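Quick notes on the structure that follows.
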Amino acid sequence: MYIQTYKVKGMHCASCSSVIEKTFKKVEGVQSVEVNYGTEKVKVSFDPSKTNPHNLSKHIEPLGYSLDVPATAEEMGMSESEHAAHLGLNQSKKEKLAEVKDMRTKVLSAIPLAIFAAIVMGWDILAQYGAVSEMNYVVKEFFHHLLPLVATYILFVVGKPYLLGFYRFLRYGKANMDTLIGIGTVAAFLYSFAITAFEETLRPFINVDYQYYDVTIVVITFIALGKYLEARSKIKTGDAIEKLLNLQAKTALVIREGKELEISVNDVKHGDLIIVKPGAKIPVDGIIAEGSSFVDESMVTGEPMPVQKKIGDSVVSGTINTSGSFTFKATKVGSETLLAQIIKMVEDAQGSKAPIQALADKISSVFVPIVLVIAFLSLGAWLVVGSQYLGFSQALSFGLVSFVGILVIACPCALGLATPTAIIVGVGKGAKEGILIKDAATLEKLHKVNTIVVDKTGTLTRGKPTLVDIQNFSNLKDDELVSILASLEKKSEHPIAHAIVNYTQEKNILMSEASDFEGIQGKGLRGKISGTEYFVGNARLISDLGISFDTAKLDGFTSQGKTPVILATKEKVIGFVMVADEVKAESVEAVKNLHALGIKVVMLTGDDEKAAKYIGSLVGIDDVVAHVLPQDKLEKIKELQSQGRVVAMAGDGINDAPALAQADVGIAMGTGTDVAIESAGITLLGGDISKLVKAIRLSKITMRGIKQNLFWAFIYNIIGIPLAAGALYPIFGWLLNPVFAGFAMAMSSVSVVSNSLRIKSKKL
Ligand code: ADP
Ligand code: MG
């Protein structure tokens, strides 16, 4: 099975997605299809031995669509990396711009013609009521003979997509939103044309004074204007990706054979030494080998302050060096870089479907046939019922107005745009703030979260503890005790281990070699030094060993939030050190903000209970659960979920992976620049819990935008259809003019897209 995403050409309306989905599902070898109108992309999984993208494209070509299947690197005679660069999103953006320009030209040509038509027809109506004097006969005849020509141009040139929609309906029996407009405007055109051509023959049967060229002209102009504005705004909804792409440096200054050489960023290899001059963009990810500087990482993490970088620190592509200069070794190139991953993630997320969209999709897929039926029924009703009261000729006139009006106003375009445009803007806005969202479903779920489970170390605290106290119960010197501890901790990755090793290095205490090292999950570790077996860890570990130790000795320290690290042999406790971690200044504020959003904050930690409670009270945590083994974190989350809570878990994403997966929303806090983007639904770059608050606000704002969009799109159709059918005519003698239907239809799409764009400027 291949899973591929292709750009679809020729999509004009949301119902196109369901037409394409249905067509593909019937093709042999296709397993699943997902079409997104917002991004105009299709994701198909298919069996390559049974079908291929060119074949798939053939299936939808008769319907007016095609797949944009890129030529392979081989076909284009390019290297894989050149090919990848060639396929960059910029390409389709250029096409999109050309398309928008073409729409603009057509709309600009149509607008004066529509105004002319409106004046000619409006004048007639006003003259009937005596509001203006009759037009001079010659002028009037001239204008009225000009209108069919104008209508022909508008219908066949500007309205070509709708005409094609009508044609496809006749030829293949497939209808989409263009078909509705097509049938409506063609009906108005043909009716009027028949009158122009056979005026005298038809005079006894119908009212030949009413023609509907203006309907064809004005409706198509409005809709084309709406589509143009929509397309223009849709480009804007996707500009977050473009900004990210622009962060990518094009070239890199590498050292090859002792010389400085400027090469394309696509040619940078692992291990290349790259020189970064003041003010330059960092081209790939790597580790500083020489020099130091401050780097502006705001484009990746959203943090405005430049970060200091020294030898051994990592730098990521797309960030900007300030005034220093340094050389770094490339560790991640091409699609491996953080920036490349961010771009891919944002693209995927923007193209994914939110569950809330399912309803809109279902409605638009049954909408078109239902509307066609309603339009014909209404025409029939006018002819049958209406002609009894009004006479045939008048009833036919009104019936036609209803028919066209319904087809035009019922177009569920706005419905199709409601969700995807908001998701695209929301996900893009997140990316700019360093909030990476995996898919639309995650963004949707996040706004329902009412409980957040956080890790202590690294999430609430800096995650960089230091050694602060030493308690020695043996006749070893303190330095000797620390040396044993550090020799064992050297092999551990735990932040506690770093604290002890750092302290030892700073004090120039020598370390020795440990053997038989073994980590003990959630408790500590064991290992041998010159034949003696040692254990290092928390009070749990000591009680597991069954040696007597008065834990009251720890209380004075732990009640100040310090974490004990106890050193013991199989027989007795040798001593302990205390490490302490600083609470992040932002944590307190963030927890307060989470409370304001009605969210309960639970802290889970493997740390000592007293220490954890102390930190918890500093930060304002509702519920502290200490001494949790990694596997129990998952259980605790299940427990909260069984109480009906919607739980988000924020953790470092590496040893908390199972808990992150169990939570309704898993949030990885990327401390520094090393982040496991794939592991969670949401990744917060620059690891700061205040971003969690922003992420939740973003989710709420986006969901509110979607709901507003859906509401307005529905309301508009629900009210519009009966109005156009003439439901109010028997009461008020009022019938919706198709011209207004066209205006309303255009405005509804434009307003939905603008409402989505508003999300961009909302403060998080
Ligand atoms: P947390 O991430 O909340 O600290 P862990 O499961 O990583 O949870 O660790 C739980 C506890 O086990 C720590 O608080 C510490 O007391 C002890 N521990 C774990 N690893 C080590 C280590 N390398 N050295 C000393 N103690 C450790
Ligand atoms: Mg941990």
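Predicted, not measured: the structure shown is a model, and the values here were computed from it. Ligands are counted one by one from 1 in listed order, and the atoms in each one are counted from 1 as well.
- More than 12 heavy atoms of other residues, nucleotides or ligands sit less than 6.0 Å from atom NZ of K429.
- Among G537, A499, G524, the residue whose heavy atom sits closest to atom 21 (C) of ligand 1 is G524.
- Close contacts between ligand 1 and D607 involve ligand atoms 14 (O) [criterion: under 4.0 Å to a heavy atom].
- The atoms of ligand 1 that sit less than 4.0 Å from any heavy atom of N538 are 11 (C), 12 (O), 16 (O), 17 (C).
- Ionic pairing of K507 and D479 is not present here: no N-O contact between side-chain nitrogen and carboxylate oxygen is shorter than 4.0 angstrom.
- Using modelled atom types, one finds a donor on one side chain and an acceptor on the other under 3.5 Å when comparing S474 with N472.
- When only interatomic distances are considered, the shortest N/O to N/O separation between T605 and ligand 1 falls below 3.5 Å.
- Residue contact annotation: E489 has a non-hydrogen atom under 4.0 Å from ligand 1.
- For G606, a nitrogen or oxygen atom sits less than 3.5 Å from a nitrogen or oxygen atom of ligand 1, counting backbone and side chain alike.
- A salt bridge is defined here as a Lys NZ or Arg NE, NH1 or NH2 lying under 4.0 Å from an Asp or Glu carboxylate O, and K694 with E433 meets this definition.
- Between the side chains of N321 and S293, at least one donor-acceptor pair of N or O atoms lies under 3.5 Å.
- For the residue pair D632 and H627, no side-chain donor N or O sits within less than 3.5 Å of a side-chain acceptor on the partner.
- The option with the heavy atom closest to atom 15 (C) of ligand 1, from among I496, L541, L485, is I496.
- Where the criterion is an N or O separation shorter than 3.5 Å, residue side chain and backbone included, S492 meets it with respect to ligand 1.
- In terms of N/O distances under 3.5 Å, ligand 1 is not approached by T563.
- Considering backbone and side-chain atoms together, A497 places no N or O closer than 3.5 Å to any N or O of ligand 1.
- Among residues two or more places apart in sequence or in another chain, the side chain to side chain donor-acceptor pair (under 3.5 Å) test is passed with R540 by none.
- Across K445, Q641, K448, a single residue satisfies side chain to side chain donor-acceptor pair (under 3.5 Å) together with D664, and that is Q641.
- In L525, the part holding a heavy atom less than 4.0 Å from any atom of ligand 1 is the side chain.
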